[in-house]
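Step one of this worksheet: look at the structure below.
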Amino acid sequence: MFREEYGRAVAVLVRHFGDIDLAEEAVQDAFAAAVARWPDTGPPPRPAGWIITTARNRGIDRLRREASRQERHAQAAREQVPDTSEEDAMRGSGVRDDRLRLIFTCCHPALATSAQVALTLRLLGGLSTPEIARAFLVPEPTMAQRLVRAKGKIRHARIPYRVPSEADLPDRLGGVLAVLYLIFTEGHTASSGEWLARADLCAEAIRLARLLAELMPDEPEVSGLLALLVLVESRRGSRTGADGELVLLADQDRGRWDRALIVEGQAIVRRCLRRNQPGPYQIQAAINAVHSDARQAADTDWGQVLALYDQLMAVAPSPVVALNRAVAVAEVHGPAEALALVDGLERTAHLEAYHVYHTIRADLLRRLGRDEDAAAAYRAAIAHTENITERTFLNQRLAALTS
């Protein structure tokens, strides 16, 4: 219930009270009350409505306790908010979704992009501070301070809780797309826990991406992001085996891929190509469309994948893009050339903490017969992941080298 309803409840309370901290605290109080009561009474007929109503009442109680005499009149006006129904929660000007309005509030240009993404992950995705810190590859205290500063800036700058005007939408889009992408990324491969993926976060990111595509149908990068998410999501059912073990892309049963999502994603990619306005999300979607074309791993057109990564490096270069490009290089030109590229990347602290970097490097070393070096790289990868499914897979690879 928390994962499903936290974002909606916070968004509704922000609309009511205009205060993010108050909304978060009230919703947390409501969930704490649910934990205390529901084991004895059972969940109510409309649990989401119960959470929102209870949170609203807790918020009003906080306002009453904290308001000074001079503020009583203003706070009394805030209290005249009617009870919230599910229909009310979806009602809005143009967008009809409180969560999407909250995303645009959090993605105001007055905030740094990293703060925009982190704050929206916290408020809309319900991710904890440690989870967001791992998603950003930064220390937890750094992320905690970033979140506090972001909420403080929204409060002191009186940033409005609304979707921007049509003229302002394009300038605000980059942060919103990054938010949805990172929510999906956390859902696709959870930063911690027993399970490889969190389907709830993937579904939420896709739902919000669909809403954004309806709001901005002429923005090719919005369409590109939606295509990317549905194409990656199409493979979710085949990413783990019967016992929950990780299955690599090359070994997946492609008959289990979701053909409806593939058809949808490929159709969007074709529309993007006709527009001829390439951007990072569209190119990533095109890469995944190439993978979805291959009925078996051996049919993958790695030359086309590499060409698309070359284009992505020209449009949005980054160490992570270069790392993923090296995987394609390994398939086209061999693991030795790919390893040289990986070892040539600038060894930033963030990259050193990125377990995928060590995993790719370990695989390349293994393919080159450098088992001792590969084992060391696998150990580094294991040390930097807290996802139990990934760690189990890496330990198996390590055991195969050292047995």
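Just the heavy atoms: all of them, side chains too, but no hydrogens, waters or symmetry mates, feed the values below. Residue numbers count from 1 along this sequence.
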Practice item. Show your reasoning for whether side chain to side chain contact (heavy atoms under 4.5 Å, CB included) applies to Arg101 and Arg15. Key: CA-CA 9 Å; Arg101 285 188 281 163; Arg15 170 159 58 88; 3.3 Å; yes

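- Counting all heavy atoms, side chain and backbone alike, Leu201 lies closest to Gly187 at CB-CA, 3.7 Å.
- Atom-to-atom distance recorded for Leu339:CG and Leu368:CG is 6.0 Å, nearest 0.5 angstrom.
- Of the possible donor and acceptor atoms, one in the side chain of Arg254 sits under 3.5 Å from a partner among the backbone N and O of Ala294.
- Atom-to-atom distance recorded for Ile183:CD1 and Leu229:CG is 10.0 Å, nearest 0.5 angstrom.
- Residues Asp29 and Arg62 are paired through a salt bridge, judged by an N-O separation under 4.0 Å between the basic side chain and the carboxylate.
- Under a 3.5 Å cut-off, the side chain of His188 and the backbone N or O of Ala197 do not form any donor-acceptor pair.
- Residues Ile206 and Arg210 have side chains in contact (heavy-atom distance under 4.5 Å, counting atoms from C-beta outward).
- Of the possible polar contacts, one joining the Glu131 side chain to the Ser128 backbone as a donor-acceptor pair under 3.5 Å is found.
- The backbone N or O of Asp243 sits less than 3.5 Å from a side-chain atom of Glu245, completing a donor-acceptor pair.
- In this structure, the side chain of Lys153 engages the main chain of Ala110 through a donor-acceptor pair within 3.5 Å.
- Side-chain contact between Phe17 and Tyr161 is absent, with no heavy-atom pair separated by less than 4.5 Å.
- Contact check for Thr54 versus Phe31: no side-chain heavy atoms found under the 4.5 Å cut-off.
- Interatomic distance, Thr53 OG1 to Arg46 CZ, rounded to the nearest 0.5 Å: 7.5 Å.
- Partner His355 forms a side chain to side chain donor-acceptor pair (under 3.5 Å) with one of His384, Glu390, Arg391 and no other, that one being Glu390.
- A salt bridge links Asp343 to Arg361: at least one charged side-chain nitrogen sits closer than 4.0 Å to a carboxylate oxygen.
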Practice item. Just do the side chain to side chain donor-acceptor pair (under 3.5 Å) check on Glu24 and Tyr6 with the steps written out, would you? Key: CA-CA 9 Å; Glu24 274 207 288; Tyr6 179 82; 2.6 Å; yes

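- Here the side chains of Thr359 and Thr385 are not in contact, with every heavy-atom distance at 4.5 Å or above.
- Using a 4.5 Å heavy-atom threshold, the side chains of Trp38 and Pro47 count as touching.
- Looking only at side-chain heavy atoms (C-beta outward), Arg239 and Leu196 come within less than 4.5 Å of each other.
- Checked by atom type, the side-chain pair Tyr181/Gln284 shows a donor-acceptor distance below 3.5 Å.
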Practice item. Under the side chain to side chain contact (heavy atoms under 4.5 Å, CB included) rule, what do Ser292 and Gln266 come out as? Steps first, then yes or no, please. Key: CA-CA 8 Å; Ser292 68; Gln266 289 183 333; 2.9 Å; yes

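- Of the possible donor and acceptor atoms, one in the side chain of Arg122 sits under 3.5 Å from a partner among the backbone N and O of Leu127.
- In the displayed structure, Arg162 atom CZ is contacted under 6.0 Å by at most 12 heavy atoms of other residues, nucleotides or ligands.
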Practice item. Take Leu121 and Glu186 through the test side chain to side chain contact (heavy atoms under 4.5 Å, CB included) and record every step on the way to the result. Key: CA-CA 10 Å; Leu121 282 170; Glu186 173 64 25; 5.6 Å; no

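- Note: Trp302 and His333 fail the aromatic proximity criterion, with ring centroids not under 6.0 Å apart.
- For the pair Thr142 (side chain) and Val138 (backbone), a donor-acceptor distance under 3.5 Å is absent.
- Rounded to the nearest 0.5 angstrom, Arg58 CZ and Ile51 CD1 are separated by 10.0 Å.
- Contact of the Phe184 side chain with the Leu225 side chain is not registered, since no non-hydrogen atoms from C-beta on lie closer than 4.5 Å.
- Pairing each heavy atom of Val230 with each of Gly265, the nearest pair is CG2-CA, 3.6 Å.
- The two residues Val269 and Leu231 come nearest to each other via the heavy atoms CG2-CD1, 4.2 Å.
- Gln252 and Ser238 make their closest contact through OE1-OG, 3.0 Å (heavy atoms, listed as atom of the first residue, atom of the second, distance).
- Closest non-hydrogen pair, Ala322 versus Met313, comes out as N-SD, 3.7 Å.
- Taking CG of Asp301 as the reference point, atom CG of Leu308 lies at 9.0 Å (rounded to 0.5 Å).
- Few gaps surround CZ on Arg155; more than 12 heavy atoms of other groups in view lie less than 6.0 Å from it.
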Review point. What do the steps show when you test Arg256 against Asp253 for salt bridge (Lys or Arg N to Asp or Glu O under 4.0 Å), and what is the final call?
Key: CA-CA 6 Å; Arg256 297 178 60 195; Asp253 177 0; 5.1 Å; no

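- Annotation: side chain of Gln116 is not in contact with side chain of Cys106 (no heavy-atom distance under 4.5 Å).
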**Study point:** Full working for side chain to side chain contact (heavy atoms under 4.5 Å, CB included) between Val342 and Leu323
**Key:** CA-CA 6 Å; Val342 171; Leu323 186 63; 4.0 Å; yes

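- Using a 4.0 Å cut-off between charged nitrogen and carboxylate oxygen, Arg8 and Asp98 do not count as a salt-bridge pair.
- Between the side chain of Gln311 and the main chain of Ile283, no donor-acceptor pair closer than 3.5 Å is present.
- Contact check on Asp373 versus Arg366 returns no salt bridge, with no Lys/Arg side-chain nitrogen under 4.0 Å from an Asp/Glu carboxylate oxygen.
- The two residues Ala297 and Ala250 have their closest heavy-atom pair at CB-O, 3.5 Å.
- Atom CG of Leu226 is separated from atom CD of Glu264 by 5.5 Å, given to the nearest 0.5 angstrom.
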